[in-house]
Amino acid sequence: MNSSDHQESARSKETGGPRLFSDFGKLAYDLLRYRINQSFNISTSSDIGLTLTPYAARRKKLSKAGVTAEYNLEDTHATIKVDVNPELPISTTLTMSRTWPFMKNTVLVKFPDYNSREVRTVFGLYLEFGSHVKFQILHEVQYFHKRAALAMTLPLLRSPLIQLTATVGTAHLAFGMETVYNTSSRQFLMFDAGISMTSLNCEGSIILENKGDSLRASYIHYFDHERKVAAVAVIGRTLSRKENAFAVGASWIMDDLTTIKARFDSHGKLVTVLHHKIKPKSYFTISGEFEPKALDKTPEIRLGLSLVL
């Protein structure tokens, strides 16, 4: 979980109210979301709150590198990330956020944006300079109340698209929705709705997506009060194509230094990760991928190293 996620969770805990709709099932998906790649990064910090992190990663035949600069000062957070990909020119992302009681304000600037043809294009306006360079500016506002949580994403330039999420309920039971509205055509381009249930040792969610065509459910269970041992399951179904997908996994925090994770999905892939802390904020990772139904394939094994000086 990154620093912005920590801030969002802190806002909802302070109010004692429901979480944002984007956080429905987040614990389950985060436990399953890790990749098999070789990676290396070194971070250096200063007394003024500035952290600089150059990194490099490789997955199969794809590789990328870049540098991230983060600045934290009380309730203000700023991040600049520069990515270098062999298939694309340099991409720069600037994120600035400030948190007040019950509210968080975020501005994101990405230049250029090479993914503007993906689904995320509905969240912003892209100015084209020539045939390759695009510019994106977004403004996000979050508001937390003891019975509701709201988030709105607005482009700072002339775009008709507005993203809105709303949640009502409590910290234990919440109902939420997310939509994208086109002010020019006066049409809703997307509408998702769901329910989230949370208790001391478990959390579950059910979300209806793609205007009712997709259904996904997630569940995570902790077997101890310290949340060191967990099991998770995620199931999805596309109603129009009658297709199912699933992923199950587990996590075991052995001690303060070592964590083991495992995941098996509907594609028949078994993935395991060993995460070992060398010193505070420095980690060594061993990951592997294996297909039980394809014994002729050689299992993939990757090493990762993250150092904080």
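Numbers here are sequence positions counted from 1. Both backbone and side-chain heavy atoms feed into the values below; hydrogens, waters and symmetry mates do not.
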Q) Between the side chains of Thr51 and Ser43, is a donor N or O closer than 3.5 angstrom to an acceptor N or O? A)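 No pair is found: no donor N or O on one side chain lies under 3.5 Å from an acceptor on the other.
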
Taking C-beta and beyond as the side chain, do [X] and [Y] meet within less than 4.5 Å on heavy atoms?
X	Y	result
Val229	Tyr222	no
Leu200	His225	yes
Leu150	Met152	no
Thr272	Ile260	no
Arg147	Val168	no
Leu303	Thr285	no
Ile220	Leu31	yes
Thr153	Ile162	no

Q) Pairs in or reaching into residues 252-261: which pass side chain to side chain donor-acceptor pair (under 3.5 Å), with residues at least two apart or in two chains? A) Thr258-His276

Report the distance from atom [atom1] of [X] to atom [atom2] of [Y], rounding to the nearest 0.5 Å.
X	Y	atom1	atom2	result
Glu178	Phe191	CD	CZ	10.0 Å
Ile278	Phe284	CD1	CZ	7.5 Å
Phe24	Ser196	CZ	OG	5.0 Å
Thr179	Leu189	OG1	CG	7.5 Å
Ser266	Glu243	OG	CD	10.0 Å
Leu161	Asn182	CG	CG	5.0 Å

Q. Under the side-chain contact (heavy atoms from CB on, under 4.5 Å) criterion, do Phe188 and Val180 qualify, and how do the steps go?
A. CA-CA 6 Å; Phe188 289 96; Val180 174; over 6 Å; no

Is [X] linked to [Y] within one hydrophobic cluster, defined over Ile, Leu, Val, Met, Phe, Trp and Tyr using a side-chain heavy-atom separation of less than 4.5 Å?
X	Y	answer
Leu208	Ile206	yes
Ile195	Leu215	yes
Met197	Phe175	yes

Nearest atoms (heavy-atom pairs only) where [X] meets [Y]:
X	Y	value
Ser218	Ser205	OG-OG, 2.7 Å
Pro292	Gly268	CD-O, 3.2 Å
His275	Tyr283	NE2-CD2, 2.9 Å
Ala174	Pro18	CB-CB, 3.7 Å
Ala171	Thr198	O-CB, 3.7 Å

Checking [X] side chain against [Y] main chain: does a donor-acceptor pair fall under 3.5 Å?
X	Y	value
Asp23	Lys26	no
Asn210	Ser214	no
Thr170	His172	yes
Thr167	Phe21	yes

Q | Listed once per pair and sorted, the salt bridge (charged side-chain N to carboxylate O under 4.0 Å, His left out) pairs that draw on residues 202-223, sequence neighbours left out | A | Arg19-Glu203, Glu209-Arg216

Q: Take Met190 and Asp192, measure what side-chain contact (heavy atoms from CB on, under 4.5 Å) needs, and give me the verdict at the end.
A: CA-CA 7 Å; Met190 180 191 77; Asp192 301 339; 4.0 Å; yes

**Q.** Leu307, Ile42, Leu305 screened by side chain to side chain contact (heavy atoms under 4.5 Å, CB included) with Ser282, the one that passes
**A.**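 The option that passes is Leu307.
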
Q) What residue among Leu27, Leu32, Asp30 forms side chain to side chain contact (heavy atoms under 4.5 Å, CB included) with Val232? A) Leu32

Q: Give me the ring orientation class for His221 and Phe223: parallel if the planes are under 30° apart, tilted from 30 to 60°, perpendicular past 60°.
A: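 Taking Phe223 first and then His221, their aromatic rings stand perpendicular (interplane angle over 60°).
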
Q: Please test Phe290 against Val271 for side-chain contact (heavy atoms from CB on, under 4.5 Å), starting from the C-alpha separation and ending with a verdict.
A: CA-CA 6 Å; Phe290 174 64; Val271 180; over 6 Å; no

Q) Between Thr68 and Thr79, is a side-chain contact (heavy atoms from CB on, under 4.5 Å) present by the stated rule, with each step listed? A) CA-CA 7 Å; Thr68 300; Thr79 302; 3.8 Å; yes

Q. Do Lys269 and Asp265 sit within salt-bridge range, that is, some charged N less than 4.0 Å from a carboxylate O?
A.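 The answer is no: the pair does not qualify as a salt bridge.
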
Q. Taking only residues two or more places apart in sequence or in another chain, which ones pass salt bridge (Lys or Arg N to Asp or Glu O under 4.0 Å) with Arg186?
A. none

